[in-house]
Peer 1: 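Below are the structure tokens for one structure; questions will follow.
Within every chain, numbering begins at 1; the chains are lettered A, B, ... in the order of the sequence lines, protein sequences first and strands thereafter.
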Protein chains: 2
Amino acid sequence: MSKSSPALRQGRRPSVKDVAERAQVSLGTVSNVLNRPDRVSAGTRERVERAMADLGFVLNESARQLRMGRSNTFAYVMLDATNPFFTDVARGIELAAEKADLSLFLCNSDARDAREGAHLAHLQQQRVDGILITPVDPEAPALSRITAQGTPLVIVDRTNATGAFCSVTVDDRLGGRVAVEHLVDRGHTRVAYVGGPSSLGQVRERYEGARAAWDEAGLAESDLLRVETEALSFEEGRLAGERLAGLPRRSRPSAVFCANDLIALGLLQQVVSTGQRVPEDLAIVGYDDIAFAAGAAVPLTSVRQPRQALGAAAAELLIDEVNNPEHQHQQVEFTPELIARVSTLG
Amino acid sequence: MSKSSPALRQGRRPSVKDVAERAQVSLGTVSNVLNRPDRVSAGTRERVERAMADLGFVLNESARQLRMGRSNTFAYVMLDATNPFFTDVARGIELAAEKADLSLFLCNSDARDAREGAHLAHLQQQRVDGILITPVDPEAPALSRITAQGTPLVIVDRTNATGAFCSVTVDDRLGGRVAVEHLVDRGHTRVAYVGGPSSLGQVRERYEGARAAWDEAGLAESDLLRVETEALSFEEGRLAGERLAGLPRRSRPSAVFCANDLIALGLLQQVVSTGQRVPEDLAIVGYDDIAFAAGAAVPLTSVRQPRQALGAAAAELLIDEVNNPEHQHQQVEFTPELIARVSTLG
DNA sequence: CTAGACTGTTGAAAGGTTTCAGGACGTGGG
DNA sequence: CCCACGTCCTGAAACCTTTCAACAGTCTAG
């Protein structure tokens, strides 16, 4: 400690320079210890490492990024962090990112355009290497602007008609189809589709699949009702339940197919709490098969989506896009699967 | 376009320098447009803004941070992103951060030490202004190392005995107490506490509260059972249900108090699926009052924690710690509230 | 008409890292 | 004994932004 280090002012955090000074080596050597330790002799390396420890040195990632031009970080902008579907997708992304030694930041757009935009701008400024996003609107020009400015972006659980991005989806039309085929098989001839807003592609496509199956079964067009909700939430499901209960008895459906599990669970709760029996009075099919579906008031029949696989596949597409100069955009589509439980089987 | 800009090499992203060149002003002026637009004349400002738009300029946050020494970013390291309790807390943090014009990054430690450590190291290197964390172990020396190296840190939903950090918690002892008082009021004289691992402070404290209420009610010590689980998960709840079912009939409790809702829901499902009635055969109290508690097989009595308020309070403590030089560490404690539903009322 | 104030702009320095051309030194072969 | 080579290490340049002292020009008051 006889050699004082005047450069080490009070408030500042130690930098490589301070480490170099203390270890009596040059800046470059410290950097080598950090990045190519094999090129440094054992003794020197040890001295430098001790200096780092003594000083409590923490590498400044901003400076590194500035110099390197890349951050080894991905980000996933979730549509709704409180929806288990998306947290499972995030988990799949996270595991894939971890395997590739990438950090992952999670952001939540809360289904708000403004919030999504703010996150995207910030991530771009942070120079993340790539962005995964479940966008509020997959056709929004803001997305192509991101890639145009050099940040690769893959769309998760949605797709963009232009094919300008990689995307991973689950075949929603097929999901709607299997749900309704199941209900038709069980003998239902009057069914409601509950979901919204129909500005969401999935809400529309699940309906289209449902409609196709319905028509193919030769059932009356008007016997497949449509109940529009304002969001895909538990609360909206409850409200939808009340609306169904308000229908004249004979026009009431014997089964509902919900655009997601949250709606189904909300509706289920409303239905059960008013003393109706599921599935005797009303059969219910959900969508997503979140963990709570199996544990619900009545275990819920649901269309399962491979959530983690979806996330992992998205991450891998992004990794390819970042690293492989010959990358071609791909639209990967997974297949959903009906999990039949008590809510339709009785 | 007659004036070509040779500095604008192909692969590079435009920098302020390129913008300056194109707008025929100096670097400093571009920066002023960005940060103090009022000091720039309207004409110049417009020219610069047009140049930015033309070039697709995106500010390099790394460089800014390097220069400024701060990032205007907080991060929340969640213990388990798939647990709705934490996503609600995150939401509270997020709203508070948004109000203070701070960005928020979410990380998920997945209750793994190694993952938590990796996230913390990375965040420190990113020079986030502050970290919120629900740690795997609130006494881990890694946490004090973070603050020692200059990044303020507040502990969420846990507390550290040394008082070296700000923390926000909910009074778990009280929560355990009200849960058991409720069961005692309903006439139960043999109750099981289900939760674990007891290395978790909350699992212990909820038990202590339960125990205190039990003893004060003058009930036999041995009639408050303890069923230890390996985690606070749905699956563990189901397993606990099987263990209870395996007990000889007369030593079986008439009610259980679960350390969280996931356990309670898992247990509930197991119980219901084996044909027992809730609450007639077994009453159940959960903890957290997550959204699904109300919608469960039998609407679940649960101890509600003010989740968003918890997050918001944590964020505010951190904001104070970052901005206020006279900041004093505080341990804020919220009060839980029993929400009685069918699972105990019948 | 001038001193002073104000407005708008400039240019260089600083911030912490990585990279890279090259320097110092030691070793082995001719 | 010299050259070539290998091993370690050095020092400066570059990455992009913000800040700030200084400057030029314009306006105002005396």
Side-chain angles (χ1 to χ4, degrees), chain A residues 5 7-9 11-49 51-52 55-73 122 124-127 149-150, chain B residues 7-9 11-49 51-52 55-72 122 124-127 149-150:
Chain A
S5 41
L8 211 95
R9 289 195 316 265
R12 240 185 65 256
R13 293 197 181 192
S15 72
V16 276
K17 196 163 156 190
D18 302 314
V19 173
E21 208 165 278
R22 181 172 239 263
Q24 312 263 42
V25 296
S26 78
L27 257 75
T29 300
V30 177
S31 178
N32 280 334
V33 170
L34 253 16
N35 302 299
R36 303 180 212 69
D38 48 302
R39 297 210 189 152
V40 181
S41 71
T44 311
R45 184 167 59 231
E46 202 172 299
R47 225 170 348 122
V48 171
E49 279 164 355
M52 288 187 184
L55 259 31
F57 169 76
V58 176
L59 192 133
N60 186 323
E61 184 66 25
S62 302
R64 164 181 261 169
Q65 270 176 227
L66 174 58
R67 177 59 228 240
M68 308 246 286
R70 61 174 356 224
S71 60
N72 291 316
T73 301
H122 187 229
Q124 240 188 327
Q125 295 183 356
Q126 293 270 352
R127 297 288 192 274
Q149 291 175 342
Chain B
L8 212 95
R9 289 195 315 266
R12 242 185 63 254
R13 292 195 182 195
S15 73
V16 275
K17 195 164 157 191
D18 302 315
V19 174
E21 208 166 277
R22 182 172 240 264
Q24 312 263 41
V25 296
S26 78
L27 255 75
T29 300
V30 177
S31 178
N32 280 335
V33 170
L34 252 18
N35 301 299
R36 305 179 212 66
D38 49 301
R39 297 211 190 150
V40 181
S41 71
T44 311
R45 183 167 60 232
E46 201 172 299
R47 220 161 1 112
V48 171
E49 279 164 353
M52 287 186 183
L55 258 31
F57 169 76
V58 176
L59 193 133
N60 185 324
E61 183 67 23
S62 302
R64 163 180 261 167
Q65 270 176 227
L66 174 59
R67 178 60 229 243
M68 307 247 286
R70 61 176 353 225
S71 60
N72 291 316
H122 186 231
Q124 240 188 325
Q125 295 183 358
Q126 292 271 351
R127 297 287 192 273
Q149 292 176 342

Peer 1: Is atom CD of A:Gln149 surrounded by more than 12 heavy atoms (other residues, nucleotides or ligands) closer than 6.0 Å?
Peer 2: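 For A:Gln149, atom CD is crowded (more than 12 foreign heavy atoms under 6.0 Å).
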Peer 1: Categorize A:Thr29 for me: base, sugar-phosphate, or nothing, with a 4.0 angstrom heavy-atom threshold over every strand shown.
Peer 2: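 Base, at least one base heavy atom under 4.0 Å.
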Peer 1: Could you check whether any side-chain heavy atom of A:Val58 comes within less than 4.5 Å of a side-chain heavy atom of B:Arg127, counting everything from C-beta outward?
Peer 2: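 The answer is yes, as the side chains (C-beta and beyond) meet within the 4.5 Å cut-off.
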Peer 1: Could you check whether B:Arg36 gets within reach of a base, just the sugar-phosphate, or nothing at all, counting any heavy atom under 4.0 Å?
Peer 2: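 If one applies the 4.0 Å heavy-atom cut-off, B:Arg36 turns out to touch the sugar-phosphate alone, with no base involved.
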Peer 1: Rounded to whole Å, how long is the line connecting atom CE of B:Met52 with atom C1' of D:dC16?
Peer 2: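 It is 13 Å, rounded to the nearest whole Å.
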Peer 1: How many whole angstroms separate atom CD of B:Glu21 from atom P of C:dT9?
Peer 2: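 Going from B:Glu21 (CD) to C:dT9 (P), I get 18 Å.
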Peer 1: At their closest point, which heavy atom of A:Gln124 faces which heavy atom of B:Arg13, and how far apart are they?
Peer 2: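 Smallest heavy-atom distance, with atoms named: O-NH1, 4.2 Å.
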Peer 1: For the residue pair B:Val25 and B:Arg47, what are the closest heavy atoms and their distance?
Peer 2: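 Heavy atoms of B:Val25 and B:Arg47 come nearest at CG1-NH1, 4.0 Å.
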Peer 1: Using a distance-only criterion (donor-acceptor N/O pair, under 3.5 Å, no hydrogens), is the base of D:dT18 paired with the side chain of B:Arg67?
Peer 2: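 Pair found.
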Peer 1: I want to confirm an ordering. Mapping A:Leu34 and B:Arg64 to their closest nucleotides on DNA chain C, which one lands closer to the 5' end?
Peer 2: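 The residue closer to the strand's 5' end, by nearest nucleotide, is B:Arg64.
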Peer 1: For the pair made of CG in B:Asn32 and P in C:dT10, what is the distance, rounded to whole Å?
Peer 2: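 Those two atoms, CG and P, are 10 Å apart.
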Peer 1: Between B:Ala63 and A:Thr44, which residue's closest nucleotide on DNA chain D lies nearer the 5′ terminus?
Peer 2: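 The answer here is A:Thr44.
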Peer 1: When we call it a touch if two heavy atoms are under 4.0 Å apart, what does B:Leu59 touch: a base, just sugar-phosphate, or nothing?
Peer 2: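 Sugar-phosphate, backbone atoms only, no base.
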Peer 1: Expressed as a whole number of angstroms, how long is the span from A:Gln125:CD to D:dT18:C1'?
Peer 2: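 Rounded to whole Å, this separation is 15 Å.
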Peer 1: Roughly how many Å is it from CZ in B:Arg47 to C1' in C:dG8, rounded to a whole number?
Peer 2: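 Nearest whole value for this atom pair: 12 Å.
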Peer 1: Base, sugar-phosphate alone, or nothing: which one does B:Ser62 contact when heavy atoms must sit under 4.0 Å apart?
Peer 2: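 Answer is nothing: B:Ser62 stays at 4.0 Å or more from every strand.
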Peer 1: Does OP1 or OP2 of D:dT10 have a side-chain N or O of A:Ser26 closer than 4.0 Å?
Peer 2: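 A:Ser26 to D:dT10 OP1/OP2: side-chain N or O found under 4.0 Å.
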Peer 1: To the nearest Å, how far apart are A:Leu66 CG and C:dT19 P?
Peer 2: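 Result: 13 Å.
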Peer 1: Under 4.0 Å between any heavy atoms, over every strand shown, what does B:Val25 touch: base, sugar-phosphate, or nothing? Just pick one.
Peer 2: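 The residue B:Val25 makes sugar-phosphate contact but no base contact.
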Peer 1: Within the 4.5 Å heavy-atom criterion, are A:Leu66 and B:Gln65 side-chain neighbours or not?
Peer 2: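 Side-chain contact under 4.5 Å: no.
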Peer 1: Can you tell me the distance, in whole Å, between the CD atom of A:Gln65 and the P atom of C:dT17?
Peer 2: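 It works out to 13 Å between those atoms.
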Peer 1: Base, sugar-phosphate or nothing for A:Ser41? Non-hydrogen atoms, less than 4.0 Å.
Peer 2: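 Touches sugar-phosphate only.
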Peer 1: Which whole-number value in Å describes the distance from A:Arg39 CZ to C:dC20 C1'?
Peer 2: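 A:Arg39 atom CZ is separated from C:dC20 atom C1' by 10 Å.
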Peer 1: Reckon A:Asn35 has a side-chain N or O less than 4.0 Å from the OP1 or OP2 of C:dT18?
Peer 2: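 Indeed, a polar side-chain atom of A:Asn35 lies that close.
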